[in-house]
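Everything on this sheet refers to the single structure shown next.
Keep in mind that this is a model prediction, so the values were computed, not measured.
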Amino acid sequence: MMFILFLLIVIAQRLGELAVAKRNEAWMKQQGGIEFGSSHYPWMVAMHAAFFVVFIIEVYKRGGHPSAYWPVFLVLFLILQASRIWALTSLGRFWNTKIIVLPDAKAVKKGPYKFIKHPNYIIVALELIVIPLLFNACITACLFTLLNIFMMLTRIPEEEKALKKLTNYQ
């Protein structure tokens with residue numbers, strides 16, 4: 001039961017974020033925003049969708065029980081969620097799941113972006129470990145950590161290049 005409740009909360013959160021991203025995409029494109037990285041985006045979406053499928057299968061094959069360390073993983077998850085909200089709200093209308101850059105916009109340098117360049121990618125990478133480990137899904141944690149590394153080796157340079165080309169990003 002804990003697994004189903006947790007899963008529903010995470011999926012609802014992700015669907016809510018997709019709605020915000022769609023709204024932000026429309027606003028940015030109305031302002032002249034340009035999309036980059038569209039060739040890898042479907043692969044990223046597929047990876048994140050597959051994460052949930054593999055996660056569910058692995059948890060059910062293991063009996064659906066939380067880890068013996070679930071309180072620690074739950075606290076880590078909650079810290080990550082607070083960090084995620086901080087990162088997303090710091091970007092405001094500039095946050096998106098796609099790489100969309102508004103020409104001549106000033107790069108965001110507030111919130112966690114004061115300290116590191118891509119905090120949301122770090123948060124997602126940690127979520128891909130913490131969420132599965134909450135329910136002993138070690139295969140999911142390892143597999144999607146590796147897939148995410150490969151995805152970020154494409155995505156981050158593409159985003160950096162776009163930001164440097166069209167904004168004051170350094």
Side-chain angles (χ1 to χ4, degrees), residues 5-53 55 73-134 140-141 144-145 147-170:
L5 179 61
F6 178 80
L7 187 64
L8 290 173
I9 290 169
V10 172
I11 290 173
Q13 177 192 21
R14 297 305 189 265
L15 291 174
E17 288 174 2
L18 287 175
V20 170
K22 203 70 169 152
R23 194 169 51 242
N24 289 349
E25 175 183 3
W27 177 82
M28 285 192 67
K29 286 186 174 177
Q30 286 173 352
Q31 306 304 310
I34 301 167
E35 185 174 347
F36 295 84
S38 58
S39 63
H40 76 264
Y41 185 73
W43 292 103
M44 190 174 79
V45 171
M47 181 190 81
H48 283 276
F51 168 81
F52 285 103
V53 172
F55 176 49
F73 289 124
L74 183 60
V75 167
L76 290 173
F77 174 77
L78 294 173
I79 291 168
L80 289 170
Q81 296 322 288
S83 301
R84 181 186 197 90
I85 292 166
W86 187 31
L88 273 53
T89 57
S90 295
L91 286 177
R93 288 183 138 179
F94 294 102
W95 176 79
N96 209 296
T97 57
K98 296 179 178 178
I99 301 171
I100 302 174
V101 180
L102 192 59
D104 300 321
K106 291 187 178 193
V108 173
K109 295 287 185 184
K110 64 181 182 177
Y113 297 91
K114 276 194 283 191
F115 311 107
I116 52 178
K117 286 187 175 187
H118 300 284
N120 198 48
Y121 295 149
I122 294 167
I123 293 162
V124 169
L126 292 172
E127 285 177 335
L128 291 173
I129 297 167
V130 170
I131 290 171
L133 292 182
L134 187 54
T140 302
F144 285 91
T145 294
L147 289 173
N148 191 55
I149 288 168
F150 290 122
M151 181 58 63
M152 291 302 107
L153 288 172
T154 299
R155 182 160 177 97
I156 291 174
E158 182 106 24
E159 187 170 322
E160 295 263 325
K161 185 174 140 187
L163 288 167
K164 286 176 183 174
K165 181 178 177 180
L166 297 177
T167 72
N168 67 334
Y169 185 82
Q170 297 179 31

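Between F6 and F77, the distance from one ring center to the other falls under 6.0 angstrom.
Nearest heavy-atom pair, E25 versus K98, reported as atom, atom and distance to 0.1 Å: OE2-NZ, 3.1 Å. Heavy-atom minimum distance, A21 versus N96: O-ND2, 2.9 Å. Between G33 and L102, the shortest heavy-atom contact is N-CD1, 3.6 Å. Closest approach of A162 and V101 over heavy atoms only: CB-CG2, 3.9 Å. N168 and A107 make their closest contact through OD1-N, 2.6 Å (heavy atoms, listed as atom of the first residue, atom of the second, distance).
Judged by distance alone, with hydrogens and angles left aside, the side-chain atoms of N120 form no donor-acceptor pair with the main-chain N or O of A87 at under 3.5 Å. Between the side chain of N24 and the backbone N or O of F94 there is no donor-acceptor pair closer than 3.5 Å.
From T167, atom OG1 reaches atom NZ of K106 across 11.5 Å, with rounding to the nearest 0.5 Å. With values rounded to the nearest 0.5 angstrom, I131 atom CD1 is found 10.5 Å from L126 atom CG. Considering CD1 of I129 and OG1 of T140, their distance stands at 12.5 Å, rounded to 0.5 Å. Residue H48 holds its NE2 atom at 7.5 Å from CE of M151, rounded to the nearest 0.5 Å. With rounding to the nearest 0.5 angstrom, the CD1 atom of I149 is 7.5 Å from the CG atom of L153. Atom CH2 of W86 is separated from atom OH of Y113 by 10.5 Å, given to the nearest 0.5 angstrom.
For the pair S83/P112, no side-chain contact is recorded, criterion being any heavy-atom separation below 4.5 Å from C-beta on.
Considering F52, F55, F51 in turn, F51 is the only one that fulfils the ring-ring contact (aromatic ring centres under 6.0 Å, His included) rule with F144. Of the options R23, R84, K22, a salt bridge (charged side-chain N to carboxylate O under 4.0 Å, His left out) to E17 is made by R84 and by none of the others. Test K161, K117, H118 against I156 for side chain to side chain contact (heavy atoms under 4.5 Å, CB included) and you get one pass: H118.
Screening residues 148-170 for ring pair (Phe, Tyr, Trp, His ring centres under 6.0 Å), with sequence neighbours left out, gives no hits.
Under the rule for a side chain to side chain contact (heavy atoms under 4.5 Å, CB included), the partners of L78 that lie at least two apart in sequence or sit in another chain are L74.
Residue-environment remark: NZ (K29) exceeds the threshold of 12 foreign heavy atoms within 6.0 Å.
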Without placing hydrogens or testing angles, list every side-chain donor-acceptor pair under 3.5 Å for residues 37-44, not counting sequence neighbours.
residue	atom	partner	partner atom	Å
H40	ND1	G37	O	3.0
H40	NE2	R155	NH1	3.2
Y41	OH	T97	OG1	2.8

Would Q81 and E127 count as a side chain to side chain contact (heavy atoms under 4.5 Å, CB included) here? Give the steps. CA-CA 9 Å; Q81 296 322 288; E127 285 177 335; 2.6 Å; yes
